[in-house]
Each structure stands twice: as structure tokens, then as C-alpha cells.
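Let me begin by presenting the structure, written as C-alpha cells, before commenting on it.
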Amino acid sequence: MMVRGEAKMDPVRVRFAPSPTGRLHLGGGRTALYNYLLAAQTGGQFILRIEDTDRKRYVEGAEQEIYDSLRWLGLEWDEGPDKGGLYGPYRQSERKAIYLDYARKLVDLGHAYYCFCTPERLESVRREQQANKQSTRYDGACRHIGPEDALRRVESGERHVIRFRSPDEGQTTVTDLLRGNITVENETIDDFILIKSDGFALYHLAAAVVDHLMKITHVLRGAEWLPTFPLHGLIHRAFGWQEPVWVHLSVFLKPSGSGKLSKRDAAELIKDGHSIFLKDFHTLGYLPEAVTNWIALMGWSYDDHTEIFSMKDLVEKFSLIKLNPSPAAINFSKLDHFNGVHIRQLPQDDLVSRIGPFLTRAGYNPDIQTLEKVAPLIRERMVTLDDSVDMAGFFFQDAVTLEPSDLIGKDLDASQTAVIVKQVHELLQQTDDFSADGLEQLLREFVDQSAYNNKQVFGILRVAITGQRVSPPLFETMEIVGKDKALVRLLHAIALLEKIN
RNA sequence: GCCUCCAUCGUCUAGGGGACUAGGACGCAGCCCUUUCAAGGCUAAAACCGGAGUUCGAAUCUCCGUGGAGGCACCA
């Protein structure tokens with residue numbers, strides 16, 4: 001089925017190009033996801049490129065975290081640094097040498113020039129502009145140095161950079177798929193540095209050149225690139241290259257809706273069991289299915305009611321035309337909701353295998369047989385996989401530790417409660433049927449002919465058996481705990497109650 | 001300060017000039033179910049930023065305000 005306005009697309013070549021300068025976060029994850037979806041949907045290629053031209057900001061381990069995060073989300077790439085491809089290398093630093101040639105070509109074409117200004121001079125120019133409340137930009141001091149003159153200084157070894165020569169007058173119009181034409185006055189486009197004095201290219205040049213060489217057809221990237229978008233269009237045009245289709249994705253705002261997420265916000269979030277870093281979601285007990293579903297819907301929608309999407313659904317239904325250009329505030333309670341839904345949709349054995357590690361990490365020794373029986377009891381109660389620890393940990397303990405005061409039934413005292421537990425203990429000791437149904441019948445009968453009600457009796461038993469006031473359904477729980485353990489726990493409860501007296 | 005983008009319930013959003021009494025979801029509140037907690041079901045409250053214009057008709061198109069966001073590096 002095809003959504004209105006959607007045309008069948010030719011296979012795309014798209015790329016996700018993070019820089020290894022920090023941890024991969026939600027916004028990056030969504031950009032990667034949309035790129036992946038477009039490639040998968042059209043039968044094209046999804047390329048991972050590491051944008052590591054800034055060696056000073058390189059963070060050890062960041063590249064690995066990018067791989068891990070993307071793979072956890074299920075976004076496998078077709079070409080990348082670790083798997084190669086026809087258009088490598090896929091690490092920008094490894095293609096350093098080619099950019100200087102391209103920059104020189106731009107110089108020859110008159111679209112770029114050598115600049116010999118020192119960082120100190122630039123800094124003072126900037127300060128002066130700020131003081132005069134002017135916009136800060138390069139003042140063009142080296143623009144008019146003659147080509148021969150410049151070349152001579154370069155060859156003599158004078159420290160220099162190569163700058164883009166943005167047009168002196170007129171306007172530049174670039175086209176974003178979601179926003180239409182964006183027109184800016186050329187005088188507002190700075191003469192950006194293309195090649196640093198160390199010979200390395202800066203992003204603007206490197207990305208344009210490599211996107212062209214890699215035959216990228218669609219660039220889906222964050223909206224923070226919008227301000228330099230006209231420059232990028234200009235660079236492509238200066239080389240005479242065809243531009244890719246440009247799509248700028250809205251930014252993610254902090255949950256309050258004001259401002260984008262900062263390091264400090266990230267630290268606050270982790271206290272509530274949330275994070276903006278992709279890799280944390282796994283540890284926090286979120287399903288990649290849920291995270292994917294959640295971020296997919298921040299900035300994209302399918303129709304007016306469908307909310308739950310598998311990766312397969314997304315691949316099938318994603319469409320650029322339904323992308324939303326406005327910024328979106330992150331909403332963690334919605335993620336919780338999606339996580340619950342996806343947990344409930346998980347096949348039994350899948351759920352079991354995902355819960356296991358969480359219990360193990362918490363210090364339990366979950367055996368698979370018990371886990372298989374426990375899973376159906378807790379699946380519709382869990383928000384995160386980590387919840388399984390609090391909900392089901394008692395299944396994997398020999399004895400439960402409990403607060404004696406929790407044991408006492410509603411409107412009852414300790415001795416009345418003890419009497420009830422003793423009677424139940426006796427009753428259970430005599431029965432051979434420890435199935436949930438059998439227990440339910442037996443215990444309901446007990447309550448009926450006693451002076452107490454369900455709430456009181458079952459409440460007491462719940463605490464005695466599980467050690468908690470809140471637990472999975474009582475009879476099923478008792479069946480799994482088993483007769484031996486259950487009786488021991490009742491005895492233990494009786495002992496505690498008698499101590500209170 | 002300069003440049004750019006954005007604007008529907010608290011939040012994510014549907015909406016492509018008449019189908020709008022503005023739909024869905026999360027969250028919130030109430031009710032039902034119920035041995036606890038969930039899940040599930042039902043119900044409620046909740047929005048077109050403002051002003052002009054175009055039009056028979058504007059949430060939808062245009063302009064101006066206002067608000068929010070992003071950017072202004074020999075970072076990406």
C-alpha cells in the first residue's frame with residue numbers, strides 16, 4: 001500500500017557520518033535510522049563513514065561505541081570502515097591526501113584562495129566585530145593577494161590555510177526537501193576555511209568531496225547543518241557537481257521542550273533511569289525495538305493512528321515526505337509505553353533470554369525452566385527488562401527477606417495473622433495439588449469458611465511467599481515456588497509473627 | 001548583535017482551502033475488571049501563537065509581528 005504523495009524511489013546511496021568525538025546519542029540514532037530505512041526500502045546502500053578529520057577532539061573508544069550502538073539498534077551498514085566497500089576508505093582521516101588536491105582545484109577555478117592570517121589576528125578581528133555588534137566573519141584580508149604572490153609565499157613555506165571564496169554579491173538558493181528553497185544573501189556567507197594549516201580538510205570540504213566520490217544521492221543530517229547549508233551547495237556547484245537531495249532533520253529538545261540536551265541534562269536523566277546515549281538504553285532495560293519505534297516517531301509519522309511499528313514496518317512505511325521539520329521534545333514516558341508494548345509482543349523464549357542477563361547481573365541464578373514459567377507472569381507488568389529483578393527476584397532465592405509489619409493483614413493484628421498463616425500452612429501441607437487452579441480452589445474455600453476476606457488472607461500469603469506487598473498473581477506464583485519452598489516460607493512468616501507478640 | 005529554521009492539546013503528532021463539533025497516542029483524572037501491582041476496557045479534561053490579507057470559505061495560502069530553536073571556530 002502506498003501513502004499519498006509517495007512515489008516509488010530508485011535505490012539510494014545514503015550515509016551516516018558521525019564524528020568519533022563523544023557518545024552516540026538519540027539524535028544521531030534517529031538520523032542513522034532514517035538513513036537506514038531509506039536504503040533498506042529502496043534497495044540501496046547505507047554507508048557508515050567516520051568523520052574524524054579533527055584529530056584533537058578524537059575520543060578513544062568512540063568509534064567502537066558508534067558500531068555497538070548502531071548494531072544494537074539493528075542498523076547494519078552496507079559499507080563502512082570495518083567492512084569495506086567499493087568507495088573506501090570510510091574513515092575521513094585515511095583520505096586526507098586527496099582533499100588538498102580538490103582545494104587547489106578550487107583555487108585554480110577562482111573559488112578559493114590562500115590565506116596567511118594568523119589565528120591571533122583572526123581572534124582580534126572577531127573580538128572587534130563583536131564589540132561593534134557586527135556579525136563575526138572573516139574580513140577578507142587575504143582575498144586580494146595575487147595568485148603568483150600567494151603561490152610564492154606558499155612555496156616558501158609560509159603557514160597558510162585555504163579559504164572558500166564566497167560570492168561577493170547576489171544570493172544563493174539551496175533546496176531542502178522539507179523546507180523548500182532557502183535563499184541567503186551571499187554577503188552573509190563567510191569565507192570558510194577549507195584546508196587547515198596542518199593540511200587537513202575541514203568538514204565542509206571533506207564532506208562535499210567524499211559525498212560526491214561515494215555517489216551519495218540523499219543527505220539526511222541534523223538541522224544544525226542548516227546555517228552552513230548554502231556553503232555546501234556552493235561548494236558542490238563550484239566543482240560543477242550535481243547536489244544530492246538535502247534533508248535536514250529537526251533537532252531533539254530536552255523533555256521540557258526548551259533547549260537542546262546538554263551534558264548536564266544527561267547526568268540528571270540517568271538518575272531517573274533514562275539517558276540520551278544509545279548505548280545506555282540496553283543496560284537500562286529498553287528493547288531496541290522500542291527505542292527504534294520511539295525515535296522513528298519523533299519527526300516522522302505514518303498516519304493519524306498507527307503507533308506501533310516493527311523495523312520491518314518502518315522499512316516498508318517510512319517516507320521522506322511525511323517528515324516533520326519542527327523540533328521535537330524528547331518524551332521518556334512515551335518510551336516507557338513503547339517498551340511495555342514491545343515487551344508484551346515478544347515471543348516467550350525471546351523474552352526469557354532477554355530477562356535472564358538482568359537477573360544474573362542482579363546476583364541471582366535464574367534457571368531457564370523457572371524463568372519460562374515466570375516470564376508470562378511478569379511480562380505485562382514490566383516497563384523495562386530491569387523491572388524483572390524487582391518483580392521476580394524472589395523466585396530465585398531460597399528464603400525471602402521481609403518486613404514483619406508488611407505481613408500483618410488488613411485490620412488484623414499479629415496473632416490473628418499468625419493463626420491464619422498456620423491454618424493455611426496446615427491446609428497446604430495436606431494437599432498434593434499445588435497447581436495454581438488447585439490452590440485457588442482450596443484457598444478460596446478456606447477464605448469462604450473463615451471469618452476473613454480475600455484481601456486479608458491473600459495479602460498475608462502474598463507477603464509471606466514473595467516477601468513483597470506487590471507481586472505477580474498469587475496462585476501462579478505459589479505453583480512456581482513449589483510446595484516445599486512455600487511451606488518453609490510460611491513457617492518463617494509464622495516465626496516472625498510470633499516474635500512480634 | 002547577525003544569519004537561518006520552526007510554530008495544532010503539557011508532550012509526540014494527524015491535517016495538503018469545504019469531509020473540523022480539529023482525529024490518534026503518551027501522560028493526567030474518573031469508572032469497570034481485580035487478592036496486590038500491572039495489563040485491558042470505557043469516560044473526561046486538554047490545542048489551531050497574535051494581527052492583517054487572499055478567498056464564497058483559512059488550522060491549511062501570503063505578509064507582518066511574537067515566541068521557540070539552531071548556528072555564527074584552523075569543531076563536526
Side-chain angles (χ1 to χ4, degrees), chain A residues 4-5 17-22 51-54 56-57 92 115 117-119 122-123 126 129-137 159-161 163 176 178-179 182 184-185 188-190 192-198 200 202-204 206-207 221-230 248 250-251 253 255-260 294 297-308 322 324-338 340 344 378-383 387 391 440 443-444 447 453-463 466 468-475:
Chain A
R4 181 191 63 237
S19 63
T21 52
E51 214 71 36
D52 60 349
T53 45
D54 186 355
K56 283 200 285 286
R57 292 203 312 157
Q92 283 285 36
C115 169
C117 293
T118 63
L122 297 175
E123 180 55 34
R126 198 164 23 241
Q129 286 167 337
Q130 272 163 356
N132 296 336
K133 305 207 170 195
Q134 294 169 309
S135 52
T136 53
R137 49 167 301 169
R159 203 173 156 82
H160 65 278
V161 300
R163 282 183 185 273
D176 173 88
L178 309 181
R179 288 158 254 258
I182 295 170
V184 297
E185 297 296 327
T188 67
I189 302 175
D190 205 351
F192 284 91
I193 291 174
L194 265 18
I195 300 283
K196 292 185 277 185
S197 54
D198 64 3
F200 266 88
L202 244 25
Y203 176 85
H204 307 299
R221 47 151 41 166
E224 63 271 21
W225 291 110
L226 236 22
T228 45
F229 178 25
H248 292 89
S250 64
V251 292
L253 269 25
S256 63
S258 61
K260 72 171 188 181
W294 179 52
L297 256 17
M298 294 169 72
W300 173 81
S301 61
Y302 176 62
D303 58 17
D304 65 347
H305 65 278
T306 316
E307 294 247 300
I308 304 302
K322 299 282 284 181
N324 184 162
S326 48
I330 289 173
N331 182 348
F332 286 101
S333 64
K334 195 133 189 174
L335 168 63
D336 285 343
H337 169 251
F338 280 130
R344 273 170 255 136
I378 61 172
R379 75 178 314 150
E380 65 196 27
R381 282 155 237 273
M382 281 190 286
V383 170
D387 289 342
M391 284 177 186
E440 173 157 14
L443 290 168
R444 279 191 193 281
V447 172
N453 59 36
N454 287 342
K455 219 181 193 74
Q456 293 171 315
V457 176
F458 297 154
I460 295 165
L461 293 180
R462 178 184 314 287
V463 176
T466 70
Q468 306 166 182
R469 298 188 86 117
V470 173
S471 84
L474 183 59
F475 307 118

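Every chain is numbered from 1, with letters handed out A, B, ... down the list of sequences. Since the structure is predicted, the reported quantities are computational estimates derived from the model, not experimental observations.
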*Contact pattern, 5' to 3', of nucleotides 37-49 of chain B - B, S or - by protein heavy atom under 4.0 Å*: BBSS---------

*Going 5' to 3' through nucleotides 71-76 of chain B, assign each nucleotide B (protein heavy atom under 4.0 Å from a base atom), S (under 4.0 Å only from sugar-phosphate atoms) or - (no protein heavy atom that close).*
SSSBBB

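The interatomic distance linking A/F338 (CZ) with B/rU11 (P) rounds to 17 Å, in whole Å. The distance from atom CG of A/D336 to atom C1' of B/rA25 is 15 Å, rounded to the nearest whole Å. In this structure, the CG atom of A/L335 is 19 Å from the P atom of B/rU11, given to the nearest Å. Between A/E307 atom CD and B/rG27 atom P there is a gap of 11 Å when expressed in whole angstrom units. Straight-line distance from the NZ atom of A/K334 to the P atom of B/rC28: 13 Å, rounded to whole Å. Atom CG in A/D303 sits roughly 19 Å away from atom P in B/rC12 (whole-Å rounding). A straight line from OH of A/Y302 to P of B/rG15 spans 12 Å, rounded to a whole angstrom. Between the CD1 atom of A/I330 and the P atom of B/rU13 there is a distance of 11 Å, given to the nearest Å.
Across B/rG10, B/rC3, B/rU13, the shortest atom-to-atom separation from the side chain of A/T188 is found for B/rC3.
Residue contacts shown for A/G259 are limited to sugar-phosphate atoms, with no base heavy atom under 4.0 Å away. Residue-level contact check: A/F475 touches the bases, meaning some heavy atom is under 4.0 Å from a base atom. A/G299 comes within contact range of the sugar-phosphate backbone alone, with a heavy-atom separation under 4.0 Å but no base atom that close. Heavy atoms of A/N331 sit under 4.0 angstrom from at least one base atom. Residue contacts for A/I182: at a heavy-atom cut-off of 4.0 Å it reaches the sugar-phosphate backbone alone, with no base atom in range. Counting any heavy atom pair closer than 4.0 Å across all strands shown, A/V463 reaches no nucleic acid atom.
Rounded to whole Å, the separation between the P atoms of B/rU11 and B/rC28 comes to 16 Å. Taking the C1' atoms as reference points, B/rG67 lies 41 Å from B/rG40, given to the whole Å. B/rG27 and B/rG10: their C1' atoms are spaced 8 Å apart (whole Å). Taking atom P in both B/rC61 and B/rG15, the straight-line distance is 12 Å, to the nearest Å. The same atom, C1', is picked in B/rC48 and in B/rA59; the two are 5 Å apart, to the nearest Å. The P atoms of B/rG16 and B/rC72 are separated by 37 Å, rounded to the nearest whole Å. To the nearest whole angstrom, the two P atoms, one in B/rC5 and one in B/rA45, are 40 Å apart. With C1' as the reference atom, B/rA58 and B/rG51 are 14 Å apart, rounded to whole Å.
Searching all strands for a Watson-Crick or G-U wobble partner of B/rU21 with both distances below 3.5 Å returns nothing. B/rU36 makes up no base pair with any nucleotide shown, lacking Watson-Crick or G-U wobble contacts both under 3.5 Å. B/rU62: Watson-Crick or G-U partner is B/rA52, with both key distances under 3.5 Å. With a cut-off of 3.5 Å on both Watson-Crick or G-U wobble distances, the partner of B/rG16 is given as none. The partner of B/rU4 is B/rA69, judged by Watson-Crick or G-U wobble contacts that both fall below 3.5 Å. Pairing for B/rG10 is with B/rC26, a Watson-Crick or G-U wobble pair whose two hydrogen-bonding atom distances lie under 3.5 Å.
Distances shown here put a side-chain N or O of A/K322 below 4.0 Å from the OP1 or OP2 atom of B/rG15.
Taking each heavy atom of A/S197 and A/V161 in turn, the nearest pair found is N-CG1, 3.6 Å. The minimum heavy-atom distance between A/P325 and A/S250, with the atom names listed, is O-CB, 3.5 Å. Taking each heavy atom of A/I189 and A/R137 in turn, the nearest pair found is O-NH2, 3.5 Å. Here the closest heavy-atom approach between residue A/A329 and residue A/P255 is recorded as CB-O, 4.0 Å. Here the closest heavy-atom approach between residue A/S19 and residue A/E51 is recorded as CB-O, 3.3 Å.
Between A/L474 and A/L253, the residue whose closest nucleotide on RNA chain B is further toward the 5' end is A/L474. Each of A/P327 and A/L297 was assigned the nucleotide of RNA chain B with the nearest heavy atom; the assignment lying further toward the 5' end belongs to A/P327.
Not a single donor-acceptor pair under 3.5 Å links the side chain of A/E224 to the backbone N or O of A/V251. Checking side-chain atoms of A/T306 against main-chain N and O of A/D303 turns up no donor-acceptor pair under 3.5 Å. Using a distance-only test at 3.5 Å, with no hydrogens or angles considered, no donor-acceptor pair links the side chain of A/N132 to the main chain of A/Q134.
Ring pair A/F475/A/F458 is perpendicular by interplanar angle, where above 60° counts as perpendicular and below 30° as parallel. Relative ring orientation between A/F332 and A/W294 is described as tilted, the plane-to-plane angle lying within the 30° to 60° band.
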